[in-house]
Chemist: 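What follows is a single structure, and I will ask about it in a moment.
Numbers here are sequence positions counted from 1. Just the heavy atoms: all of them, side chains too, but no hydrogens, waters or symmetry mates, feed the values below.
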Amino acid sequence: MNSTAVGVTRARRRGLTLIEMVMVVVIIGIMAKVALPRFNIDRYRADGAGRLALILLQEAQRNAITRQSNVIVSFDSLLNRFRVVQDYNNNDTINTTDQVQYRKMAEGAMFAKPAWTGAVGEDGTAPSAAFSGSGLSTISGLPTVIFRRDGSASGDVTVFVTTRAAVSTEYREIVVTASTGRADLYKYNGSAWIRMN
């Protein structure tokens with residue numbers, strides 16, 4: 001055999017046979033079948049919805065401090081959105097000169113009261129609605145919390161967010177503390193509320 005024939009034979013042998021390719025696909029399929037059931041995308045959607053709600057409340061508090069005017073945050077459960085009002089004259093009402101913005105919640109997220117038996121919020125009380133607390137007021141028909149110029153909130157407020165109301169572990173709770181205006185995020189793990197970082 002001459003050297004040219006040996007080179008052609010080696011060049012032809014570099015590819016994969018059909019049987020080898022089928023074996024690789026089967027192995028990848030088996031690995032995917034084992035790994036996918038452990039990956040719960042709904043949990044991550046619920047986390048994202050809770051974090052977005054938390055960020056909107058934190059942003060409202062920062063705007064109140066930096067712009068030195070109250071920020072009115074209302075919860076629109078019908079359209080699943082926040083109404084954020086920069087209250088320039090600090091009268092706790094919406095005037096024509098105030099800046100009004102609507103911020104949608106995450107895709108598929110909604111405000112909802114925990115509906116399972118024995119549901120208890122982080123404060124130890126059973127929630128009566130998706131929004132509760134001593135600082136909750138109603139402005140233009142919507143439940144509202146107001147962040148003051150000093151960073152505090154109008155009162156203690158609790159907001160529940162979920163992506164699927166029937167699944168208890170997909171509920172997220174945002175707790176706003178009146179004195180500091182601080183908002184903290186909690187998730188329900190099936191037996192207790194755990195603070196998220």
Side-chain angles (χ1 to χ4, degrees), residues 44-114 119 121-163 165 170-188 193-197:
Y44 294 106
R45 284 187 183 146
D47 286 348
R51 288 187 196 286
L52 180 59
L54 175 70
I55 288 168
L56 288 171
L57 291 170
Q58 290 172 335
E59 182 181 271
Q61 182 202 26
R62 279 193 300 272
N63 282 342
I65 295 168
T66 57
R67 295 183 180 175
Q68 282 299 290
S69 63
N70 293 347
V71 176
I72 302 168
V73 179
S74 302
F75 310 103
D76 187 348
S77 58
L78 185 62
L79 298 174
N80 293 319
R81 64 183 183 176
F82 294 86
R83 180 181 63 200
V84 181
V85 179
Q86 195 73 45
D87 185 18
Y88 291 117
N89 58 2
N90 301 317
N91 64 354
D92 296 345
T93 59
I94 302 173
N95 303 315
T96 56
T97 58
D98 293 335
Q99 178 186 9
V100 180
Q101 294 180 333
Y102 291 92
R103 307 287 299 271
K104 288 289 285 177
M105 293 182 65
E107 184 69 31
M110 65 187 112
F111 298 111
K113 170 187 160 285
E122 177 58 29
D123 62 356
T125 61
S128 58
F131 326 100
S132 61
S134 62
L136 207 58
S137 57
T138 303
I139 296 178
S140 299
L142 296 177
T144 301
V145 62
I146 302 169
F147 290 96
R148 307 287 181 202
R149 294 174 289 173
D150 62 358
S152 66
S154 56
D156 295 323
V157 174
T158 302
V159 179
F160 292 97
V161 176
T162 188
T163 51
E170 290 183 19
Y171 275 85
R172 302 299 177 261
E173 178 185 33
I174 299 101
V175 177
V176 177
T177 306
S179 59
T180 61
R182 178 186 169 109
D184 291 308
L185 179 63
Y186 297 86
K187 69 178 175 180
Y188 192 71
W193 292 95
I194 299 171
R195 185 164 183 247
M196 296 174 65
N197 294 330

Chemist: If you apply the rule side chain to side chain contact (heavy atoms under 4.5 Å, CB included), what do you find for Val145 with Val159, and how did you get there?
Modeler: CA-CA 10 Å; Val145 62; Val159 179; over 6 Å; no
Chemist: What distance separates Met196 CE from Ile174 CD1, expressed to the nearest 0.5 Å?
Modeler: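 Reported to 0.5 Å precision, the distance equals 9.5 Å.
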Chemist: Examine distances only and state if a side-chain atom of Thr144 and a backbone atom of Leu142 form a donor-acceptor pair shorter than 3.5 Å.
Modeler: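 Answer holds: yes.
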Chemist: Who pairs with Asp92 by salt bridge (Lys or Arg N to Asp or Glu O under 4.0 Å), at least two apart in sequence or on another chain?
Modeler: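 For Asp92, the residues satisfying salt bridge (Lys or Arg N to Asp or Glu O under 4.0 Å) (neighbours in sequence not counted) are Arg148.
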Chemist: So does Leu79 get a backbone contact from the side chain of Lys104, meaning a donor-acceptor N/O pair under 3.5 Å?
Modeler: yes
Chemist: At what distance, to the nearest 0.5 angstrom, does NZ of Lys113 lie from OG1 of Thr158?
Modeler: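 So the gap between those two atoms works out to 14.0 Å.
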Chemist: Tell me if a side-chain donor or acceptor on Ser154 pairs with a main-chain N or O of Gly135 at a distance below 3.5 Å.
Modeler: yes
Chemist: Just by distance, with hydrogens left out, do Asn95 and Thr97 show a side-chain donor and acceptor under 3.5 Å apart?
Modeler: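 Side-chain D/A pair, Asn95 to Thr97: absent.
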Chemist: State, to 0.1 Å, how close Ala178 and Asp156 come at their nearest heavy-atom pair, and which atoms those are.
Modeler: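 Taking Ala178 first and Asp156 second, the nearest heavy atoms are N-OD1, 2.8 Å.
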Chemist: Side chains of Asn89 and Asp98: closer than 4.5 Å at any heavy-atom pair?
Modeler: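 Yes; the side chains approach each other to less than 4.5 Å.
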Chemist: Going by salt bridge (Lys or Arg N to Asp or Glu O under 4.0 Å), name the residues that satisfy it together with Asp76, two or more places apart in sequence or in a different chain.
Modeler: Arg81
Chemist: Who are the side-chain contact (heavy atoms from CB on, under 4.5 Å) partners of Ala46, not counting sequence neighbours?
Modeler: Thr163, Glu170, Arg172
Chemist: Below 4.5 Å, heavy atoms only, C-beta onward: do Ile139 and Ile146 meet side chain to side chain?
Modeler: yes
Chemist: At their closest point, which heavy atom of Ala106 faces which heavy atom of Ala49, and how far apart are they?
Modeler: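 Looking at all heavy atoms of both residues, the shortest contact is CB-CA, 3.8 Å.
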Chemist: Just verifying a value: how many Å separate Asp87 CG and Ile72 CD1, rounded to the nearest 0.5 Å?
Modeler: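 If we round to the nearest 0.5 Å, Asp87:CG and Ile72:CD1 are 4.0 Å apart.
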Chemist: Decide, yes or no, whether a salt bridge links Arg182 with Asp184 under the criterion of side-chain N to carboxylate O below 4.0 Å.
Modeler: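 Salt bridge: yes.
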Chemist: CG of Leu57 to CZ of Arg62: how many Å apart, nearest 0.5 Å?
Modeler: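 CZ of Arg62 is found 10.5 Å from CG of Leu57.
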Chemist: Grab the two heavy atoms, one from Val73 and one from Ala60, that are nearest each other, plus how far apart they are.
Modeler: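 Closest heavy-atom pair between Val73 and Ala60: CG2-CB, 3.5 Å.
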Chemist: How long is the span from the CZ atom in Arg103 to the CD1 atom in Ile55, to the nearest 0.5 Å?
Modeler: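 If I round to the nearest 0.5 Å, the distance is 9.5 Å.
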Chemist: Could you go through the ring pair (Phe, Tyr, Trp, His ring centres under 6.0 Å) check for Phe160 and Tyr186 one step at a time?
Modeler: CA-CA 10 Å; Phe160 292 97; Tyr186 297 86; over 10 Å; no
Chemist: Go through the structure and list residues passing salt bridge (Lys or Arg N to Asp or Glu O under 4.0 Å) with Arg67, not counting sequence neighbours.
Modeler: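 Residues passing salt bridge (Lys or Arg N to Asp or Glu O under 4.0 Å) with Arg67: none at all.
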Chemist: Does the pair Phe111 and Met105 meet the rule for a side chain to side chain contact (heavy atoms under 4.5 Å, CB included), with working shown?
Modeler: CA-CA 9 Å; Phe111 298 111; Met105 293 182 65; 3.4 Å; yes
Chemist: Could you tell me which non-hydrogen atom of Val161 sits nearest to which non-hydrogen atom of Ala53, and how far apart they are?
Modeler: CG2-CB, 4.1 Å
Chemist: Let me see the working for Ser69 and Gln86 under side chain to side chain contact (heavy atoms under 4.5 Å, CB included), right down to the final yes or no.
Modeler: CA-CA 7 Å; Ser69 63; Gln86 195 73 45; 2.7 Å; yes
Chemist: Hey, are the side chains of Val100 and Arg83 touching, using non-hydrogen atoms and a 4.5 Å cut-off?
Modeler: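 In short, these two side chains touch, coming nearer than 4.5 Å.
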Chemist: Does Lys187 form a salt bridge (charged side-chain N to carboxylate O under 4.0 Å, His left out) with Glu173? I'd like the steps, not just the answer.
Modeler: CA-CA 6 Å; Lys187 69 178 175 180; Glu173 178 185 33; over 6 Å; no
Chemist: Working to the nearest 0.5 angstrom, can you tell me the gap between Gln101 CD and Leu56 CG?
Modeler: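 Atom-to-atom, Gln101:CD and Leu56:CG are 10.0 Å apart.
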Chemist: Whether the side chain of Gln61 engages the backbone of Thr180 through a donor-acceptor N/O pair (distance < 3.5 Å, no angle test) should be reported.
Modeler: yes
Chemist: Which heavy atom in Ile94 sits nearest to a heavy atom in Ser140, and how many Å separate them?
Modeler: CD1-OG, 3.9 Å
Chemist: Do you know the tightest heavy-atom contact between Ala153 and Thr177?
Modeler: CB-O, 4.1 Å
Chemist: Would you check, one step at a time, whether the test side chain to side chain contact (heavy atoms under 4.5 Å, CB included) holds for Val71 with Val85?
Modeler: CA-CA 6 Å; Val71 176; Val85 179; over 6 Å; no
Chemist: Residues in side-chain contact (heavy atoms from CB on, under 4.5 Å) with Leu136, at least two apart?
Modeler: Phe75, Phe131, Pro143, Val157
Chemist: Residues two or more places apart in sequence or in another chain: which of them pass side chain to side chain donor-acceptor pair (under 3.5 Å) with Tyr88?
Modeler: Gln99
